[in-house]
Amino acid sequence: MTPEELKFSYKGILYPTVLCSKETFQAMEKLEAREDDVLILTYPKCGTNWTLQILQEMLLAMHNKEPSMDKGMLEFGNPEKYEYLNQEPSPRLLASHISYENIPNTFFEKKTKMLLILRNPKDTAVSYYHFSNKNPVLPTYESWDLFFKDYITGNVIYGSYFDYTVQWEKHIDNGNILVLTFEEMKMDLPKELKKICDFYGLALTDEQIELVQEKTTFSSMKEKSSNTHGDLGNVFFRKGEIGDWKSLFTEEQSKEVDAQFEKYLAGTKLGNMINYKKYCTF
Ligand code: A3P
């Protein structure tokens with residue numbers, strides 16, 4: 001498939017043709033959310049697989065059995081998947097990159113708790129660039145500069161990082177939403193794990209939390225990645241660091257992201273959580 005064929009637009013946002021379809025989006029309204037669903041929401045490359053693994057380990061420790069997991073994202077796959085998901089036992093562990101306004105209403109009706117993971121926009125861009133070039137279902141780019149042009153204009157799959165984050169900002173006080181950042185998880189994972197336990201009311205012991213922590217470090221996850229993610233293991237678990245953006249960004253590109261951050265997120269609650277000055281200054 002050509003780069004153009006690998007993406008399609010639905011309600012103004014680009015999605016990967018191989019993984020998503022209009023029919024599946026339409027069928028998503030059949031999904032019946034539950035109060036005890038665990039729903040992880042992320043813009044791509046912000047720590048989705050990391051957080052999924054954390055919740056998987058926590059739910060396993062809590063219930064002594066693996067949670068029901070959607071293979072891939074909530075929006076991936078064929079339209080029949082939601083009927084199948086409706087039959088799955090609780091707790092169900094779900095993740096999605098869809099934007100706030102496309103989250104099916106059923107989750108709001110059931111007051112499902114949502115976990116939003118943010119990552120600074122520069123590291124997200126670099127991670128997304130490498131991922132696009134290594135994952136055959138995504139369009140490849142001949143150069144970082146070409147990717148950057150699409151990223152900054154929101155012409156990438158799942159659209160603009162800034163649009164995505166700004167949408168969340170408007171709803172962040174609605175309750176039932178816990179926001180964590182990739183950077184804080186990286187700096188002090190046990191602290192963030194405790195926040196997750198409190199939020200979901202998971203009464204894990206200190207020993208259990210320690211075990212979750214050990215199993216979800218970058219190195220443990222990378223080591224097991226060929227079992228968990230097959231051939232794409234090394235692609236999903238690339239570096240797992242903060243600040244890799246400095247390896248590719250030019251001064252000018254850095255300023256372009258600064259300007260977008262200033263315009264959309266500076267002074268907002270989520271903007272403050274991203275800790276932009278600390279993580280996005282050369
Ligand atoms: P890098 O490309 O910067 O290495 P997603 O799961 O949303 O696709 O995000 C992928 C990013 O999260 C990759 O970033 C990956 O290395 C990083 N990641 C995955 N597991 C991690 C972990 N346990 N600790 C730190 N980073 C992790």
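Numbering of ligands and ligand atoms starts at 1, following listing order. Side-chain atoms are counted along with the backbone in the values below, which use heavy atoms only and exclude waters and symmetry mates. Here the structure is a predicted model, which is why all the values come from computation and not from measurement. For this chain, numbers begin at 1 and follow the sequence in order.
With sequence neighbours excluded, the residues that form a side chain to side chain donor-acceptor pair (under 3.5 Å) with Lys122 are Ser254, Asp258.
Cluster annotation: Met73 is not connected to Tyr84 through the hydrophobic network of ILVMFWY side chains, with a link wherever side-chain heavy atoms come within less than 4.5 Å.
Classified by interplanar angle (parallel below 30°, tilted 30° to 60°, perpendicular above 60°), the ring pair Phe148/Phe249 is perpendicular.
Sorted by chain then number, the residues whose non-hydrogen atoms approach ligand 1 to under 4.0 Å are Lys45, Cys46, Gly47, Thr48, Asn49, Trp50, Arg119, Ser127, Phe182, Thr216, Thr217, Phe218, Met221, Phe236, Phe237, Arg238, Lys239, Gly240.
For the pair Lys7 and Tyr15, the NZ or CZ position fails the cation-pi test of under 6.0 Å to the six-membered ring centre and within 45 degrees of the ring normal.
Asn64 CG: 12 or fewer foreign heavy atoms inside a 6.0 Å radius. Residue Lys246 qualifies as enclosed at atom NZ: its count of foreign heavy atoms under 6.0 Å is above 12.
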